[in-house]
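All values below were derived from every heavy atom in this structure, side-chain atoms included, with hydrogens, water molecules and symmetry-related copies excluded.
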2 protein chains.
Amino acid sequence: MILKSQVEWALHCCAILAGLPDGRYLSTKALAEFHGLPKEYLSKALQSLSQAGFVHTSLGPSGGYRLAKTPAELTFLDIVEAVEGKSRTFVCNNIRANNPCRPSGYCESSPCAVARVMWEADEAWRQKLRSVRLSDLVETLAKDIPADLWKSSFEWVLERAG
Amino acid sequence: MILKSQVEWALHCCAILAGLPDGRYLSTKALAEFHGLPKEYLSKALQSLSQAGFVHTSLGPSGGYRLAKTPAELTFLDIVEAVEGKSRTFVCNNIRANNPCRPSGYCESSPCAVARVMWEADEAWRQKLRSVRLSDLVETLAKDIPADLWKSSFEWVLERAG
DNA sequence: AAAATAAAGATATTTAATATCCTTAATAGA
DNA sequence: TCTATTAAGGATATTAAATATCTTTATTTT
């Protein structure tokens, strides 16, 4: 069980968009080039963010994406769920219902105990993702690299932002 | 991203094995029949548990599986990891390394900030799974179904246990 | 009018999950 | 000793999901 690589892409793209000045847009092409990703496929991840309402889009030359919310209003969970979907990572097939000793017509009152635990773990995962904001990520990313690389990266981005 | 259904199977099988009297074994055939699962494929999940050292096996007629530890010594995480593997659910492809502004030869000092958060969430998931023991599951399962169904189920199992 | 863009649908390609089948070695019981 | 039954593991097939690529369309800026 491994998350789609699109999750990683979307998080990095949002981090870049977070640094974009108000009113400007960054295209799929620029985001793909900056991260060394396949443009067409990255586009699908960005479409997911758009459908979830986390980015605004603009058409035509100088079009592209910008965040629809402030970086403090966006969490990891928002972005992960936009790309990966909101369904739980454990699916209960209710195999207890196959127990040959069951009276026919017997019906469970509650979800399977196995599923309940797995879903609690899933929720712990989501809770952690919910607790980290995009603004936290940007802050950490900035600390992790030399200031001049940070600066030149945003110059590179701004040259391509419409 | 969804866990293998074998995870669900392994957890239910361990719960049954937890109720098996000392020294007795339950075969793949019986476990598959009890849960309505494909015997050959379930066998692979049980082999994973065996390789991880959580069950003992016995060959020949009246052979099969029994737990290698007490239900209190086995956690959800043990069983999930035996079947699903221990690798993290988020793989970092280090796409920050593709940043065109990077000086060649530049080397990161720490893992990517995106990955660090995703791995913390992964760890929260594991921590929750680590906190629930097989004995807890058995207790809950027993509470969830009528006592007579519980009893007849174990009679069914014991009739087939070598 | 021309060029660039996002969106979305169609279609491959690759990888992982889900099986099934077969052979081998071990073992219990007749 | 013989037979039936078992786990283990390898080989292979099938199905579903992830990863891409290509094309068309509508929109918008210049």
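Atom P of nucleotide C/dA28 and atom CZ of B/Arg24 are separated by 15 Å, given to the nearest angstrom. For B/Leu31 and D/dT5, the CG to P distance is 18 Å, given to the nearest whole Å. Rounded to an integer number of Å, the gap from A/Gln47 CD to D/dT19 P is 16 Å. In this structure, A/Lys29 places its NZ atom 8 Å from P of C/dA4, rounding to the nearest Å. Between B/Asn93 atom CG and D/dT19 atom C1' there is a gap of 12 Å when expressed in whole angstrom units. Atom-to-atom, OH of A/Tyr25 to P of D/dT28 comes out at 11 Å; the value is rounded to the nearest Å. Going from atom CZ of B/Arg160 over to atom P of D/dT5 covers 15 Å, rounded to whole Å.
Among A/Asn99, A/Asn98, A/Asn93, A/Asn94, the single residue meeting the side chain to side chain donor-acceptor pair (under 3.5 Å) criterion with A/Arg96 is A/Asn94.
Residues B/Phe54 and B/Leu74 approach most closely at CD2-CD2, 3.4 Å, considering heavy atoms.
If you check the side chains of B/Gln47 and B/Ser43, you find a donor sitting under 3.5 Å from an acceptor.
Contact check of residues 3-21 of chain A against DNA chain D (heavy atom, cut-off under 4.0 Å) returns A/Lys4, A/Ser5, A/Trp9. For DNA chain C, the residues of residues 48-66 of chain B within the heavy-atom distance limit of 4.0 Å (strictly under) are B/Leu59, B/Gly60, B/Pro61, B/Ser62, sorted by number. Near DNA chain C, meaning a heavy atom under 4.0 Å from it, residues 36-46 of chain B has B/Pro38, B/Glu40, B/Tyr41, B/Lys44 in order of number.
Between B/Lys151 and B/Glu155 there is a salt bridge, since at least one side-chain N of the basic residue sits less than 4.0 Å from a carboxylate O of the acidic one. With respect to B/Glu123 and B/Arg130, a salt bridge is recorded, a charged nitrogen being found less than 4.0 Å from a carboxylate O. With respect to B/Arg133 and B/Asp136, a salt bridge is recorded, a charged nitrogen being found less than 4.0 Å from a carboxylate O.
Annotation: salt bridge (charged side-chain N to carboxylate O under 4.0 Å, His left out) contacts of A/Arg24 (sequence neighbours excluded): none.
Between the side chain of A/Arg126 and the backbone N or O of A/Lys86, at least one donor-acceptor pair lies under 3.5 Å. A donor-acceptor pair under 3.5 Å is absent between the side-chain atoms of A/Trp150 and the main chain of A/Ile145, judged by distance alone.
Hydrophobic cluster membership for A/Leu59: none, as no Ile, Leu, Val, Met, Phe, Trp or Tyr side chain comes under 4.5 Å of it.
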Taking only distance into account, with no hydrogens and no angle test, what donor-acceptor pairs under 3.5 Å do side-chain atoms of residues 26-38 of chain B form with protein atoms, sequence neighbours excluded?
{"residue": "B/Ser27", "atom": "OG", "partner": "B/Lys29", "partner atom": "N", "Å": "3.4"}
{"residue": "B/Ser27", "atom": "OG", "partner": "B/Ala30", "partner atom": "N", "Å": "3.1"}
{"residue": "B/His35", "atom": "ND1", "partner": "B/Leu31", "partner atom": "O", "Å": "3.0"}

